[in-house]
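From a predicted model like this one, the values you see are computed outputs, not experimental measurements. Counting starts at 1 for both ligands and their atoms, in listed order. Numbers for residues simply follow the sequence, beginning at 1.
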Amino acid sequence: MLNRRFMAVSALVAASLGAAAQAPTPLKEAYKGDFLIGAAINTPQITGQDSRGDAIIEAQFDTISPENALKWERIHPKPDTYDFTLADQYVAFGEKHHMFIVGHCLVWHNQVPDWVFRDDKGNFVDRATLLKRMHDHISTIVGRYKGRIQSWDVVNEALNEDGTLRQSPWLKIIGEDYIAKAFQYAHEADPQAQLTYNDYSLENEPKRNGALALIAKLKAQGVPVTSVGLQGHDSLTWPSVEDQDATISDFAKLGVKVVISELDVDVLPSVTHQQTAEVSLKVQQEPKLNPYANGLPQSVQQELAQRYADLFRVYLKHRDVVTRVTFWGVTDGDSWRNDWPVKGRTSYPLLFDRSGQPKPAFQAAIRVAADAKTK
Ligand code: 9MR
């Protein structure tokens, strides 16, 4: 009896030791040789205040993006004031862990202070003044991190859903060539850096066509655009596997690389007709919009895992052109989706749960890579 109990306990110990010895493969190892795997990191992670998050970042990812730390309002809040405190820490974090470091983002209509576009009287400045301000901003920041930040999101979200150019102050004041100018200035400041046009919902045909025309035109003019960022703010049903596949192929044909730059998959009820990541959108909280406040049902957890597997299979199919897949956040608790477009929801869009544990979607992503390697 005693003997049998001893044997049962030994078997349990051996099993748990075996499990410990076989720690799950990290994402960056699973996809080594295919593409880099990254996460956008936030202030507590950059400054070392989120040690649990930092442990996940160091173990799982070989590239980082700054969720907010390098945006204009943070790094250049006043005309003559640059604040590099957090940005320097961000770059040091990436260097310490030998990571591929992304800069996000140079020219956007959001999180940019109003002074950028205005004179002392509050009127819009003229084209030459705004071009000069843009040049100063880009050359200062890209120049400071020359050779250290390997890839820049140069222009972010310049397109409307119908594929026309967004009527941002950049477009209104400078005109259409603000995009080409931004890329030229970034290239001048660091000729080795990869330069990306980054946008969401490019899998939708009208917007995709607008982006394809834009990139084709820039390439024809010799503008140094090296990649397109498909942000990848997805849902369980959008984009279809076919649209994801076709979108990557379409950009590849233009001779640019593709990065999945801000991946997350929403499982919560949609509040818009069309998939979007338009930050200005705000919708009132209602209980029915927040169905999983007390936890995600197993069935949805499995749907999310299946969805991630489907998406990763498409990215892998295009491993010759997809150079990086970056999640927009580390754990579910970190995600912007908890507060957008409805404030205070409980969202589950990433691969690690609120306590930092890998979810079934994590295992699904690892399995896709492992299956491809045994074929
Ligand atoms: O995740 C970012 C969030 O913390 C900010 O409040 C928000 C404000 O503009 O920006 C979020 O990041 C956005 C990214 O910079 C560009 N694409 C859409 C992302 C999600 O809104």
* To do: Using heavy atoms and a cut-off under 4.0 Å, could you grab the residues that are in contact with ligand 1, chain by chain, numbers ascending?
  =>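 Close residues (ligand 1, cut-off 4.0 Å): E67, N68, K71, H104, W108, Q111, N156, E157, Q231, H233, E262, V279, W328, W336.
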* Asked: Would you say the side-chain atoms of T196 and S227 include a donor-acceptor pair closer than 3.5 Å?
  -> yes
* **R144 charged N/C atom sitting above F84 aromatic ring, 6.0 Å / 45°** =>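 Positive - R144 is close enough to the ring of F84 and near enough to its axis.
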* Would K257 count as a cation-pi partner of F35, with NZ or CZ less than 6.0 Å from the six-membered ring centre and within 45° of the ring normal? ->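 No, cation not above the ring by the 6.0 Å, 45° rule.
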* Group every Ile, Leu, Val, Met, Phe, Trp and Tyr by side-chain heavy-atom contacts under 4.5 Å, then state whether Y82 and I149 land in the same group. => yes
* **Backbone of G103 reached by a side-chain donor or acceptor of Y90 within 3.5 Å** =>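 Answer holds: no.
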* To do: Please confirm whether W170 and H109 have ring centers closer than 6.0 angstrom.
  =>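 No; H109 has its ring centre 6.0 Å or more from that of W170.
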